[in-house]
Each structure stands twice: as structure tokens, then as C-alpha cells.
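Proteins get letters first, then strands, A, B, ... in listed order; numbering begins at 1 in each. For the numbers below, each heavy atom of this structure counts, side chains included, while hydrogens, waters and symmetry mates do not.
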2 protein chains.
Amino acid sequence: MSDNEKQKNILQEVRQLFTAYLEKNGQRRTSERYTILEEIYLRSDHFDAEELYVHLRNRNFNISRATVYNTLELLVASDLVTKHQFGKNQAQFEKSYGYKQHDHIICIDCRKVVEFCDPRIQQIQAMVGEILNFKITHHSLNLYGICGSCQIKRSKKEDAK
Amino acid sequence: MSDNEKQKNILQEVRQLFTAYLEKNGQRRTSERYTILEEIYLRSDHFDAEELYVHLRNRNFNISRATVYNTLELLVASDLVTKHQFGKNQAQFEKSYGYKQHDHIICIDCRKVVEFCDPRIQQIQAMVGEILNFKITHHSLNLYGICGSCQIKRSKKEDAK
DNA sequence: ATAGTTGCAAAAGCTTTGCAGTATG
DNA sequence: CATACTGCAAAGCTTTTGCAACTAT
């Protein structure tokens, strides 16, 4: 199956999942909501609400900020989108269906975000949840540091002194 | 040594550390900055900028929000205070000197925050940093779920149906 | 003396809300 | 056809900034 076909499959699946969620929760299936879902799943990695809003305007969809925020909330609630706070006061979002669980490492200089996986986190999550009697639904692990290219930039600055 | 004496010791130590930081970075040692440092170290756990500001006003310190924010930034930079984003759009802070490294588990119902430690996180941090060539400075691991008492509340709601 | 800090208030930036009109079930 | 949803603009909150007064060095 080609990558293109895979993407079409995923799109179809998330549409179905979203429909199921909306029906189950007595919410209407509006064209705006499906447009937003699709734009997110056609797009790449991480984005914020404003970026998504501008992106939709550029594509000539007349969808307001209010609807973008409203729909993002629904998508987070339906587990199709994940919300992150990478230390700024602006939430970042990411499609989550069809992606394996992962965490993030963030460059504190250039704000680049890289993903990584480590199975031990699941174990920690399970163990800590049991000890403290929490029913854990999700987690967020962010590592912060300086990426390779920013390390080089910094050492050049040092040399210049 | 009594707890009271321990706290006095810690206060003295953080004041010295803060002084060292300010001197090293050519910043002035103002009374406002030390007042804020002390209030944070006399206070308990987690707080946000506004809480701290109100707390200071209540104690008849005439310190502005601007100074609170400015000083919090210095304290974070000097590693005496840690900044968190627990999913809301408001940063939370916490004193960090004299406390062993820990992470947080947050109840998504009542927003209660509990601390926990797991040495494996340090290992993950070191390993991932090496693989991805990041110089890691810090991390943030948050587990989200439902705490014991909120689990009971939820099951009572179910029963009521 | 003089540049960094402060308090105040205004501004900025992200997100939510109120309202009148629209479209879904 | 009832009412949830939408777009728009205004309001709400947290955080930042501009400025005149102040003060640590």
C-alpha cells in the first residue's frame, strides 16, 4: 500500500471515529468540524490554534477562531488530537490517530521539537498510578535542552569573544 | 536539628545562592527580589504569579506584578524556582532548592497535584539526549488521571443514575 | 552620577463568550 | 422547526511593555 493510500485510509478512519464521537455525545456533524479534522490530518506535526486558523483562511475556508477552538476541544476529547504545553503560554496540537505513542524533546534555543519513544515510560506510568491510586489516562514527558546545531552556534559565539 | 532550624538554614542558603547569581550576572540586589524569594521559600508547594502577587499585597508588601514576573524569571534562571505548565494557560511555580528531583501526577477532575520520584527518568533523559545529540538541561514528566477520591465521586454519580 | 529597577497602567497575546443569524437532526 | 452551531467582535485573563520616579552601586 502506498503512503498516499495509507493517508487516505487514515483520513477515512478518523472521519468515522469523529462521527461516532459526535453521535455518541449528541453533537452535530457540521462541515466546519470535518474540514478542520481533515486539515489537521493532511498537515504535518505540531501547530497552534492560530496557525490552523490562518491556514484555513488561506485555503479559503470561512471558519472563525471560535469554531477552531471549539472543534479542537472536541478533537482532543475524542482522542484524535493531542494538546501540548511546551513551556510557552500557547497550546500546541498534534494529530494522534495512527501514530505510536511518543514523547518530545524541545530545544530551548530554537524551539525545535523532536519526537522519541521509550517503553520505560509506560512502566513508570503504570507503577506510579498503582502506588498513588490514580487511574492514569495519559502523560506528557518533555525533555528540554540544546540541540546539536544550537550547540554549534553557542560555541561559535564563545569563540568570537 | 528541628524543622524550623532546617528551614532557616535553607532560607540562608538560597539567599546566598541568589546573591551569587545576581552578582555574577550584574543584576542589582533589591529588597523586592529578596522579599519575593523569601515568601516563596516560606510558602508551600505550587503557586501561580497572581497568587504570589496577592499574597505579597496581603502581607503589606508594595510589590507590583511587573516585579513579581521579573523576579520569577530570575529565580527560574538561577535554578531556585521551577516553572511548570500543568495544561492550563497559567504557569505554576515551585521552590526547587533543598528538594530532591521529582515529577508530578495531576488529577484531571480536581486538579490536585502529587509529587513522585522515579530514578528511571534520569536514565531515559541521559540516553535520549545522547542519541539525539541534545544537551539536556531539565525535563518535565506529568502523569494525568483521576485520583482516588474523584474515582469514588464518579462511581457515586454512576450509582445515582 | 548613572544605569538598572520599580510601580503603575496600558498594551499585547491567547482564548472564551455573547449575540444574531444559520443549518442540522 | 427547535436548537445547537457558526462567524464576528467584544471581553477576559495572563503576561509583557513603556515610562517617570527611584535607588543600588
**Report entry** Opening and closing nucleotides of DNA chain C in contact with chain A, under 4.0 Å to non-hydrogen atoms
**Finding:** dC14(C) to dG25(C)

Query raised in the report: How sharply is the helix from dA1(C)-dT25(D) to dG25(C)-dC1(D) bent, taking the axes over five pairs at either end and rounding to 10 degrees?
Result: 40°

Query - Sequence neighbours excluded, every pair satisfying salt bridge (charged side-chain N to carboxylate O under 4.0 Å, His left out) that has a member inside residues 5-22 of chain B - result: Arg15(B)-Glu38(B)

**Report entry** Under 3.5 Å: donor-acceptor pair, side chain of Thr82(B), backbone of Ser96(B)
**Finding:** no

So which of [range] are in contact with DNA chain C, with a heavy-atom cut-off of under 4.0 Å?
range                     : answer
residues 81-90 of chain A : Asn89(A), Gln90(A)
residues 51-79 of chain B : Arg57(B), Asn62(B), Ile63(B), Ser64(B), Ala66(B), Thr67(B), Asn70(B)
residues 26-38 of chain A : Arg28(A), Arg29(A)

**Report entry** Residue pairs fulfilling side-chain hydrogen bond (donor to acceptor under 3.5 Å, both in side chains) with at least one residue in residues 126-137 of chain B, sequence neighbours excluded
**Finding:** none

**Report entry** Partner residues of Thr19(B) under the side-chain hydrogen bond (donor to acceptor under 3.5 Å, both in side chains) criterion, sequence neighbours left out
**Finding:** Tyr34(B)

Query raised in the report: When you look at CD of Glu73(B), are more than 12 heavy atoms from neighbouring residues, nucleotides or ligands closer to it than 6.0 Å?
Result: no

Query raised in the report: Restricting to pairs with a member in residues 103-132 of chain A, which pass ring pair (Phe, Tyr, Trp, His ring centres under 6.0 Å), not counting sequence neighbours?
Result: His46(A)-His104(A), His84(A)-His104(A), Phe86(A)-His104(A), His102(A)-His104(A)

Report summary line: salt bridge (Lys or Arg N to Asp or Glu O under 4.0 Å) filter on Glu32(A), not counting sequence neighbours, yields none

Requested in this report: From the options Arg65(B), Gln90(B), His55(B), select the one residue that forms a side chain to side chain donor-acceptor pair (under 3.5 Å) with Glu50(B).
Outcome: Arg65(B)

Report task. Determine whether Val113(B) and Ile106(B) make a side-chain contact, defined as any pair of heavy atoms from C-beta on separated by less than 4.5 Å. Result -> yes

Report summary line: Ala91(B) and Lys83(B) have their tightest heavy-atom pair at CB-CE, 3.6 Å

Query raised in the report: What is the minimum heavy-atom distance between Glu39(B) and Phe61(B), and which atoms define it?
Result: OE2-CE1, 3.8 Å

Report task. Tell me yes or no: between the side chains of His139(B) and Asp103(B), is some donor less than 3.5 Å from an acceptor? Result -> yes

Sequence neighbours excluded and cut-off under 3.5 Å, please list the side-chain donor-acceptor pairs for residues 140-148 of chain A, or say none.
none

Query raised in the report: Is it true that Arg154(A) and Asp109(A) have a side-chain N and a carboxylate O under 4.0 angstrom from each other?
Result: yes

Report summary line: Cluster membership besides Tyr99(A), Ile/Leu/Val/Met/Phe/Trp/Tyr side chains within less than 4.5 angstrom, sorted by chain and number, is none

